[in-house]
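Take a look at the structure below.
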Amino acid sequence: MRAVSKRLLRRRFSHLAVASRTEPKSSSLSLNSSLASSLIEEFARCCYQRELRAAMRAMDAIERTGVRADSITYSELIKCCLARGAVEEGRIVHRHVFSNGYQPKTFLINVLINMYVKFGFLEEAQKLFDIMPERNVVSWTTIIAAYSNAKLNERALEFLVLMLRDGVMPNMFTYSSVLRACDGLWNLRQLHCSIFKAGLESDVFVRSALIDVYSKLGELRNALGVFNEMVTRDSVVWNSIIGGFAQNGDGYEALNLFKNMKRAAFHADQSTLTSILRACTGLALLELGRQVHVHVLKFDQDLILNNALLDMYCKCGSFEDANIVFTKMVEKDVISWSTMIAGLAQNGFSQEALKLFENMKVSGSKPNNITILGVLFACSHAGLVEEGWHYFQSMKQLYGIVPEREHYGCIIDLLGRAGKLDEAVRLIHEMECEPDVITWRTLLGACRVHKNVDLAIYAAKQIQKLDPEDAGTYILLSNIYANSHRWDDVAEVRRSMRLRGVRKETGCSWIEVDMQIHAFVVGDNSHPQMEEINKHLSQLIQRLKEAGYVPDTNFVLQDLEGEQREDSLRYHSEKLAIVFGMMRLPKEKIIRVRKNIRICGDCHVFAKLIAKMEERIVVIRDPVRYHHFQNGACSCGDYW
DNA sequence: TTAGGGTTAG
C-alpha cells in the first residue's frame with residue numbers, strides 16, 4: 001500500500017473539510033465535528049487509495065453522524081467504483097445520493113449518468129437523464145457520447161437535435177463525440193459547418209474526430225485538408241491521418257506521412273505501428289515489416305499490434321515468421337486465430353488451417369463469422385468438398401453463426417471447382433440472401449476452369465444486370481470464348497466493352513528489392529534495367545523450352561497467331577518481376593511478387609519450372625491467394 | 001462531471 005502524506009490528503013480532499021461544515025445536517029442528530037473530521041479524513045484516504053469497501057463504510061459512518069456528503073465527496077466515491085469496476089457499490093452510492101428526498105445537483109447526476117454509461121448500462125443512464133430537472137452541456141454530451149460509442153448513430157444525432165432545441169450549445173466535447181455517429185457524408189458536412197460556425201474547428205480533439213470520420217467514409221482528400229490546416233498537431237492526430245490512409249489501401253501515403261511524423265519529432269506508439277504494419281501488409285513490404293517488428297518488441301503484450309504483425313507476415317507470404325509470433329503471444333483472441341487460419345489457407349496450407357481451427361476450439365476461443373470464412377476458404381482451395389459442407393452446415397448449429405453471402409461464396413467456389421456446377425447454381429438459388437456480383441463471378445470462374453460456356457454466359461448476364469460496368473466479367477467471358485476459339489464472340493465482348501467505356505485492369509506486378517519497390521506492367525519499358533530483364537527472360541524461356549516448357553496460349557485473350565501469341569505471354573508482368581528478382585536477389589532469398597490480378601496458367605507453369613531449374617523459392621501473391629513455388633511444385637496444388 | 005487514433009474477410 002502506498003504511504004500517503006497528510007499534506008497530500010488535505011490538498012486533494014480540502015473540499016471535504018469544507019463540506020463537513022456547510023452541508024445540511026440532520027435535525028435529529030447533533031454533529032460531533034471532530035468525529036466527522038476524522039471520518040472524513042479516513043474516507044479521503046480510502047478514496048485516494050481506491051479502498052472502496054473501507055470508503056463505503058466511512059461514508060456510512062459520516063452520514064450516521066448527520067452530515068450529508070457533498071457532491072464532490074460522492075463523485076470521488078463514484079470514481080472509486082469505476083476504478084474498481086464495482087457496479088453494485090455504484091448503485092448503493094446512487095441510492096445514497098437520492099436518499100431522504102434529496103435533490104442532487106446537475107453535476108452529481110452527470111457523474112452518475114457517466115458511471116452507468118461506463119458500466120455499459122445505457123438504459124439506466126437514460127432514465128437518470130430523463131428525470132433530471134436541468135440538463136447542461138455535460139449531461140447532453142455524456143448521453144450523446146454513450147450512443148456514439150454504442151454505434152447507435154441515429155440516436156446520438158437525434159439527441160444532438162434535442163439538445164439544440166433545448167437551447168444548450170454543443171461544445172468541443174459534444175462535437176468530437178457526435179462526429180463518430182456520422183455514417184454519411186451529408187451529416188458530416190452539416191456538422192463540419194456547425195463546428196466552423198461555433199468557432200470550434202481548431203480544437204485538436206474535434207480535428208482528429210473529423211479526420212477519422214472523413215477517412216472512414218473514404219474521403220481522404222477532406223481528411224488531409226483538415227490535417228493540413230492544423231497548426232498544432234499531437235500524436236493522435238498523426239495516428240488518425242496515417243491510419244486513415246492505411247485503412248483505405250493507400251499504403252504509400254501512410255508511409256510517407258509516417259516519415260513526416262518522425263521529422264516532426266513524434267514517436268510511434270502502438271496505434272502508429274499497427275497502421276504502418278497494415279500499410280506494409282497492403283504493399284507486401286516484408287523487409288520493411290520486419291524492421292517495424294523490431295519496434296513492436298517494445299509493446300510485446302499489445303494484442304492488437306501482435307495481431308497486425310501476424311497478418312503482415314501471413315499476407316507477405318512468410319508464414320514461418322507469423323508462426324513464431326503466434327507461438328510467443330501470451331494472449332490470443334478470435335482475431336489472432338482467424339488471422340492465422342486464413343493465413344494458412346491463403347498460403348496453401350489447408351490441412352494445417354483446419355488443424356489450427358481444431359486447436360482454437362480446444363483453447364476455448366469462440367469462432368466468429370470470419371473464422372468460419374477462413375475455414376471454408378481452406379476447404380474450397382484444397383477441394384475438400386465433404387469437409388467444407390460439414391463446416392458450412394454445422395456453423396449455425398454449433399456456433400450460432402448465420403451463413404452470410406461470403407460463406408455461400410466459399411461453398412459455391414468449393415462446388416464449382418470440384419466440377420459440381422449444377423449444385424453450385426442450385427445453392428445460389430436457395431441462398432437466404434440475394435446473390436451479388438461476387439457470387440456470380442465465383443460461378444463464372446468455375447465455368448472457365450470447367451469450360452462450361454453456356455453456364456458462363458448465364459452467370460455473366462446476371463453480373464451485367466447487377467453491374468453493367470464490371471470489367472472482370474467482360475474479361476472472363478472473353479477468356480472463355482477465346483479458349484473455345486469463338487473469336488467472333490470475343491470481338492463482340494470487346495465491342496461492348498468499348499461501347500460502355502469499360503477498360504480491362506492492366507496487370508501489374510511489384511517486387512521489393514533493397515527496400516525499394518519495383519513495378520512491372522506489360523508493354524511498359526520504363527524500368528531502367530528493362531533491356532537486361534528482357535534479355536535474361538528470353539534466355540530463360542529458351543532454356544525452359546529445351547527442358548520441355550510449352551507456353552500455354554490458352555490464356556492469351558487476344559486472337560493472335562503463332563509467335564505473336566507467345567510474345568504477349570512472355571511479357572506478363574509477373575514473369576518480368578520474377579526475372580528481376582532472380583537478377584537482383586541472392587540465391588538464398590525468396591522471390592516475393594505481388595500482383596493486382598490473378599495469376600494466369602502460363603505464368604503458373606513458368607514459375608514452377610523456374611523454381612525447379614534455378615533452385616529458387618518464388619512466392620506470388622494475387623488478390624485472392626498465395627502461390628509458393630518450390631522444387632517444380634506450387635503450394636496450391638495447381639488448383640486455384 | 002463530458003471528447004480523439006490501431007487488428008481478422010469481403
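Everything quoted here is computed from the prediction, not taken from an experiment. Residue numbering restarts at 1 for every chain, and letters A, B, ... go by the order of the sequence lines.
- In this structure, CG of A/N306 is placed 14 Å from P of B/dT8, rounded to the nearest angstrom.
- Counting non-hydrogen atoms of other residues, nucleotides and ligands closer than 6.0 Å to CD of A/E134 gives a total of 12 or fewer.
- Looking at the side chain of A/I370, the nearest of the listed nucleotides B/dT1, B/dG6, B/dA9 is B/dA9.
- Legend: salt bridge (Lys or Arg N to Asp or Glu O under 4.0 Å) pairs involving residues 144-154 of chain A, not counting sequence neighbours: none detected.
- A/N369 comes within 4.0 angstrom of nothing in the nucleic acid, heavy atoms only.
- For the pair A/E331 CD and B/dT8 P, the computed distance is 17 Å after rounding to whole Å.
- Within 4.0 Å (heavy atoms only), A/V204 reaches at least one base atom of the nucleic acid.
- If you check distances only, the side chain of A/S208 does reach the base of B/dG4 with a donor-acceptor pair under 3.5 Å.
- Distance from the side chain of A/N171 is smallest for B/dT2 among the nucleotides B/dT8, B/dG10, B/dT2.
- Of the candidate nucleotides B/dG10, B/dG4, B/dT2, B/dT2 has the atom nearest to the side chain of A/V138.
- With B/dG4, B/dT7, B/dT2 as the candidates, the nucleotide lying closest to the side chain of A/F173 is B/dT2.
- Nucleic acid contact for A/V237: base, since at least one base atom lies under 4.0 Å from a heavy atom of the residue.
- Of the candidate nucleotides B/dA9, B/dT2, B/dT1, B/dT2 has the atom nearest to the side chain of A/T141.
- Both the sub-6.0 Å distance and the 45° axial angle are satisfied by A/K332 relative to the ring of A/F326.
- As a whole-Å value, the separation of A/L305 CG from B/dT8 P is 12 Å.
- Residue A/R278 places at least one side-chain N or O closer than 4.0 Å to OP1 or OP2 of B/dT7.
- The A/R180 side chain lies nearest to B/dA3 when the options are B/dT7, B/dA3, B/dT1.
- Within residues 333-349 of chain A, the residues having any heavy atom closer than 4.0 Å to DNA chain B are, in order of number, A/I335, A/S338, A/T339.
- For A/D234, taking side-chain heavy atoms from C-beta onward, the closest of the listed nucleotides B/dG4, B/dT1, B/dA3 is B/dG4.
- Backbone-only engagement by A/Q247 is indicated by non-hydrogen atom pairs under 4.0 Å involving sugar-phosphate atoms exclusively.
- The side chain of A/D302 approaches B/dG6 more closely than any other nucleotide in the set B/dG10, B/dA3, B/dG6.
- Taking atom CH2 on A/W440 and atom P on B/dG10, their separation rounds to 20 Å, with Å as the unit.
- Among the protein residues, A/S75 comes within range of no part of the nucleic acid, since none of its heavy atoms lies under 4.0 Å from any strand.
- Between A/F227 and A/W238, the angle of the ring planes goes over 60°, which puts this pair in the perpendicular group of the 30/60° scheme.
- Note: CD1 (A/I195) to C1' (B/dA3) measures 11 Å, nearest angstrom.
- Of the inter-residue distances, the one linking A/L277 atom CG with A/L309 atom CG reads 5.5 Å to the nearest 0.5 angstrom.
- Among residues two or more places apart in sequence or in another chain, the side chain to side chain donor-acceptor pair (under 3.5 Å) test is passed with A/R290 by A/D321.
- Checking the phosphate oxygens (OP1, OP2) of B/dG4, no side-chain nitrogen or oxygen of A/K216 falls inside 4.0 Å.
- Set against B/dA9, B/dT1, B/dA3, the side chain of A/S177 has B/dA3 as its closest nucleotide.
- Here A/K332 lies out of heavy-atom contact (under 4.0 Å) with every strand.
- Using a 4.0 Å heavy-atom distance criterion, A/I438 is classed as a sugar-phosphate-only contact.
- None of A/T174, A/N110, A/N114 except one satisfies the side chain to side chain donor-acceptor pair (under 3.5 Å) rule with A/T141; the exception is A/T174.
- Comparing B/dG10, B/dG6, B/dA3 by their closest approach to the side chain of A/F377 singles out B/dG10.
- Both tests do not hold together for A/R91 against A/F119: distance to the six-membered ring centre under 6.0 Å, angle to the ring axis within 45°.
- At a cut-off of 3.5 angstrom, the base of B/dG4 holds no donor-acceptor pair with the side chain of A/D203.
- Going from atom CD of A/E201 over to atom P of B/dA3 covers 22 Å, rounded to whole Å.
- Taking atom OH of A/Y147 as the reference point, atom P of B/dA3 lies 16 Å away to the nearest angstrom.
- In this structure, CG in A/D436 is found 9.5 Å from CD1 in A/I463, a value given to the nearest 0.5 Å.
- One can place CE of A/M172 at 14 Å from P of B/dA3, the figure rounded to the nearest angstrom.
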